[in-house]
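Below is one structure, written out as structure tokens, with a few remarks after it.
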Amino acid sequence: MPNQAEGLFGYKAPPCSGNPNREVIRWVQSLDLSASITNFRRDLANGFLIAQILHKYYPAEVQLHSFANGTSTATKTDNWQQIQKICSQQSLPLPAQLMQETAKGGPGAAVSLLEHFYEKLTKKSVQKLPPPQLPAVESTSQQHKTAGAFTGLSGGEAEDAPINATAGSKPILTNLQTGPGVDFGAVKIDAVEDPARLRQKLAAASQRPIAAS
């Protein structure tokens, strides 16, 4: 499924950064920057467009001619140092780690920094969806309690019989005794005669003379 924010007002979300807030995108579009943002992570890394955003709110303090639109480490360092100084003068919070991650092109950092400036400069809050609630997972001890409750419903000696370790399985009875004439429903099972006595009877029968016909 394509990113819903991709292509909105000519902007595309960078990989692994999540969807930019639509209100933030509209805000950036209204600022009429010198270049369109097609990839937040790449286009905001050198701080040039961030300087343009600040210039819209502090035109006298932000001199755009002192910023360069380059990709070298020296250019990035100079631009961000100027931005950091301007934010300090205007009492505008600028998280150092977020700034550094944006300069390095860290996933999601540029979008987070842009949303940060949106909230501080417009005095509005970015609406974010809460994380989805996952169903609670039943603990192992609770599973055993549940299995024990089902075992108790069988009544009689089944309550004391050991159960299989797997939750929800049927209890296995180990104290079941069989004897003469044990009746299981409609089927009657007779006790098996002692094997030694049975062999003696068979041997005696084989020694008997066969009557003439």
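Every value quoted in this text rests on a predicted model; they were computed, and no experiment measured them. If you read the sequence from its start, that first residue is 1, and numbering goes on from there.
With rounding to the nearest 0.5 Å, the separation of CD in Gln84 from OG1 in Thr77 is 11.0 Å. For the atom pair Leu113 CG and Gln100 CD, the distance stands at 12.0 Å (nearest 0.5 Å). Between the CG atom of Leu92 and the NE2 atom of His116 there is a distance of 6.0 Å, given to the nearest 0.5 Å. In this structure, NE2 on His55 lies 10.5 Å from CZ on Phe67, to the nearest 0.5 angstrom. Between atom OG of residue Ser36 and atom CG of residue Asp43 there is a gap of 9.0 Å, rounded to the nearest 0.5 Å. Between Lys124 atom NZ and Asn21 atom CG the span is 11.0 Å, to the nearest 0.5 Å.
Aromatic ring pairs are classed by plane angle as parallel below 30°, tilted from 30° to 60° and perpendicular above 60°; the pair Trp27 and Tyr57 is tilted.
With hydrogens and angles ignored, the 3.5 Å screen pairs a side-chain donor or acceptor of Glu119 with a backbone N or O of Val126. For Gln82 (side chain) and Ser66 (main-chain N/O), a donor-acceptor pair under 3.5 Å exists by modelled atom type.
Considering all non-hydrogen atoms of both residues, Ser34 and Leu49 come closest at OG-CD2, 4.3 Å. For the pair Lys120 and Pro93, the tightest heavy-atom approach, listed with the atom from each and the gap, is CE-CG, 4.2 Å. The two residues Gly47 and Ile83 have their closest heavy-atom pair at O-CD1, 3.3 Å.
Residues Leu54 and Phe117 are in side-chain contact: their nearest non-hydrogen atoms beyond the backbone lie under 4.5 Å apart. Side-chain contact between Leu64 and Gln52 is present, with heavy atoms from C-beta onward closer than 4.5 Å.
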Problem set entry | Ile53 and Leu114: CA distance, side-chain angles, deciding distance, side chain to side chain contact (heavy atoms under 4.5 Å, CB included) verdict | CA-CA 10 Å; Ile53 293 174; Leu114 199 61; 3.6 Å; yes
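Around atom NZ of Lys56, more than 12 heavy atoms belonging to other residues, nucleotides or ligands sit under 6.0 Å away. Around CD of Gln97, the count of heavy atoms belonging to other residues, nucleotides or ligands within 6.0 Å does not exceed 12.
Between Trp80 and the options Thr75, Ile50, Asn46, a side-chain contact (heavy atoms from CB on, under 4.5 Å) holds for only Ile50.
Applying the side chain to side chain donor-acceptor pair (under 3.5 Å) rule to Ser125 yields no partners; only residues at least two apart in sequence or on another chain are considered.
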